[in-house]
Amino acid sequence: MIEEKIKNLDLEDLLYEVELPLSHVLMKMEQRGIRLDVDFLKTISVDLTQRAKELEKECHELAGMEFNLSSPKQLQHILFEKLELPTSVSRKTKTGFSTDQSVLERLAPLHLLPNRILEHRELNKLLGTYVNALPELVNPDTGRVHTSYLQTVAATGRLASANPNLQNIPIRTERGAEIRKAFIPEDGHSLVSIDYSQIELRMMAHLSGDEALIEAFQQGEDIHISTAAKIFNVKPEEVTKEQRSGVKQVNYGVLFGMREFGLSQRMGISIQEAREFIEGYFGAFPGVKRYIDHLLEDSRKTGMVKTVLGRRRPLPELQSSNRNLVQSGERMAIASAVQGSAADLIKLAMLKLDADIDREQLPYSMLLQVHDELIFEVPEGEEEDSISWIKQRMESAMTLKVPIVADAGYGKNWLEAH
DNA sequence: GCGATCAGCGG
DNA sequence: TGTTCGCTGATCGCG
């Protein structure tokens, strides 16, 4: 029986105290939906389409012939055969040479076309996936978009979102971030966004018990700067932007089980330099190194990895004789422990928030979850009060060996609130 | 119409 | 050989 199995795997609490109650919270969020400013998106669409057309024309001229800019196959032919640009910067794919972003960036100094393609790709992505697609998904009865949260598809225990996916709305580029302005509150309300600060690194500090990492978080300083100061043995105020940026990438790379090669690619440094970087990192945080070693040994023995709430991810790869498969499994083991535990944390926070909103009959609506961020709709004038109320509950959802910090904002659209 | 492939968005 | 997870869209070959 399934109940028997759940009991034997010690998953009863997770199922009955977390996942099943959470399904109700998610249902309410889906039914409430979030309001979308369709007129605003139509306006953006006109501008982006105009610019995309210009770029398309220019690309055809640069290529000396017409072709479909959205076809990697045709672009491959133009770049590497017609224009004879070097294939050395491109990795092989099943169908030939890749024309992805990193390749086009490396070709950019040699020809104008790759640059124009890059811009065209950005615009086409925004138009096709968001600006033109989202208005189609507005429910005519509610005037809002209603995502579906998937509770059982992510191997780490995270949620997923679909139809539409509201967990991957652009933010990193200026044009992309504009799209967030289309997500707006009900009349007389504001959007409030509260996100956990560096939650995965804090979870790593907690899980590993590394004294230096814990100390760095307890000091409440910029974690990447204090990490850099430790690795390079300088004072925090002497850390350069480049050093901070490199350390940040290592900090997050460690969470994904990154190795020398991946880091060197990402940072644009040699493999030797990347190796020294990683050695410096683990030298400064020996507890993290010990934790990862133990985690991998344990996961290999048991064939699975667990989060703080006992959520399990089977990892048969770790017992394979294929070295690549084992290494891939090791990356998943580290990522699952950290990301999955962070997912546990925000789920507890959501349950507490929902229960307390109900109990205190507060006029706050939880609308969205984006892994480390919660978005609420609250009445105008209650922004500050709601923020301190929500923040307090998010920051105390679990007790870790480091402080849990959440940053908050509010506004008349999602971009402003962030 | 379906599935494989490539590409790119987020945390 | 070469970062984690998952979702979506366009193209293209197959039927």
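Lettering of chains follows the sequences in order, A, B, ..., and the numbering in each one begins at 1. Reckoned from all heavy atoms, side chains included, excluding hydrogens, waters and symmetry mates.
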Between [X] ([atom1]) and [N] ([atom2]), how many Å, whole number?
{"X": "A:Leu159", "N": "C:dC7", "atom1": "CG", "atom2": "P", "answer": "11 Å"}
{"X": "A:Leu123", "N": "C:dA10", "atom1": "CG", "atom2": "C1'", "answer": "16 Å"}
{"X": "A:Gln249", "N": "C:dT4", "atom1": "CD", "atom2": "C1'", "answer": "15 Å"}
{"X": "A:Leu137", "N": "C:dT8", "atom1": "CG", "atom2": "C1'", "answer": "11 Å"}
{"X": "A:Met203", "N": "C:dC5", "atom1": "CE", "atom2": "C1'", "answer": "17 Å"}
{"X": "A:Leu127", "N": "C:dG9", "atom1": "CG", "atom2": "P", "answer": "13 Å"}
{"X": "A:Glu122", "N": "C:dG9", "atom1": "CD", "atom2": "P", "answer": "18 Å"}
{"X": "A:Glu260", "N": "C:dT1", "atom1": "CD", "atom2": "P", "answer": "16 Å"}

Scan [X] against the nucleic acid and name what it touches under 4.0 Å (heavy atoms): base, sugar-phosphate only, or nothing.
{"X": "A:Ser336", "answer": "nothing"}
{"X": "A:Lys125", "answer": "base"}
{"X": "A:Arg158", "answer": "base"}
{"X": "A:Val153", "answer": "sugar-phosphate"}
{"X": "A:Glu200", "answer": "nothing"}
{"X": "A:Gln327", "answer": "nothing"}
{"X": "A:Ser328", "answer": "nothing"}
{"X": "A:Gly128", "answer": "sugar-phosphate"}
{"X": "A:Ala155", "answer": "sugar-phosphate"}
{"X": "A:Tyr252", "answer": "nothing"}
{"X": "A:Arg172", "answer": "base"}
{"X": "A:Asn124", "answer": "nothing"}
{"X": "A:Ile199", "answer": "nothing"}
{"X": "A:Ile334", "answer": "nothing"}

>> Assuming nearest nucleotide by heavy-atom distance, tell me which of A:Lys73 and A:Asn165 is located more 5' along DNA chain C.
In response: A:Asn165
>> Do A:Ser336 and A:Thr307 have side chains that approach each other closer than 4.5 Å (heavy atoms only, starting at C-beta)?
In response: no
>> What I'd like to find out is whether the side chain of A:Ser264 reaches to under 4.5 Å of the side chain of A:Glu260, using heavy atoms alone.
In response: no
> A:Leu20 and A:Leu15: side chain to side chain contact (heavy atoms under 4.5 Å, CB included), yes or no, with the steps?
Replying inline: CA-CA 6 Å; A:Leu20 288 182; A:Leu15 178 62; 3.8 Å; yes
> Considering only the P atoms, how many Å lie between C:dT3 and B:dC6, rounded to the nearest integer?
Replying inline: 15 Å
>> Rounding to an integer number of angstrom, what distance separates C:dG2 and B:dA7 when you compare their P atoms?
In response: 15 Å
Can you check whether [Y]'s main-chain N or O pairs, donor with acceptor, with [X]'s side chain at less than 3.5 Å?
{"X": "A:Ser208", "Y": "A:Met204", "answer": "yes"}
{"X": "A:Glu200", "Y": "A:Val338", "answer": "no"}
{"X": "A:Arg312", "Y": "A:Leu9", "answer": "yes"}

> With a 4.0 Å cut-off, would you call A:Arg300 and A:Glu330 a salt bridge?
Replying inline: no
>> I'd like to know whether A:Phe40 forms a ring-ring contact (aromatic ring centres under 6.0 Å, His included) with A:Phe183, so could you lay out the CA-CA distance, the side-chain angles of the two residues, the decisive distance to 0.1 Å, and finally the verdict.
In response: CA-CA 10 Å; A:Phe40 176 74; A:Phe183 291 84; over 10 Å; no
> Taking any atom under 4.0 angstrom from a heavy atom of chain A, which nucleotides of DNA chain B are the first and last to qualify, 5' to 3'?
Replying inline: B:dT5 to B:dG11
>> Check the phosphate of C:dT3 against A:Arg331, side-chain N and O only, distance under 4.0 Å to OP1 or OP2. Yes or no?
In response: yes
> Are OP1 or OP2 of C:dT8 and a side-chain N or O of A:Asn163 less than 4.0 angstrom apart?
Replying inline: yes
> Parallel under 30°, tilted from 30 to 60°, perpendicular over 60°: which one fits the rings of A:Tyr252 and A:His224?
Replying inline: tilted
>> So if I take every side-chain heavy atom of A:Gln339 and compare against C:dC5, C:dC7, C:dT1, which nucleotide ends up nearest?
In response: C:dC5
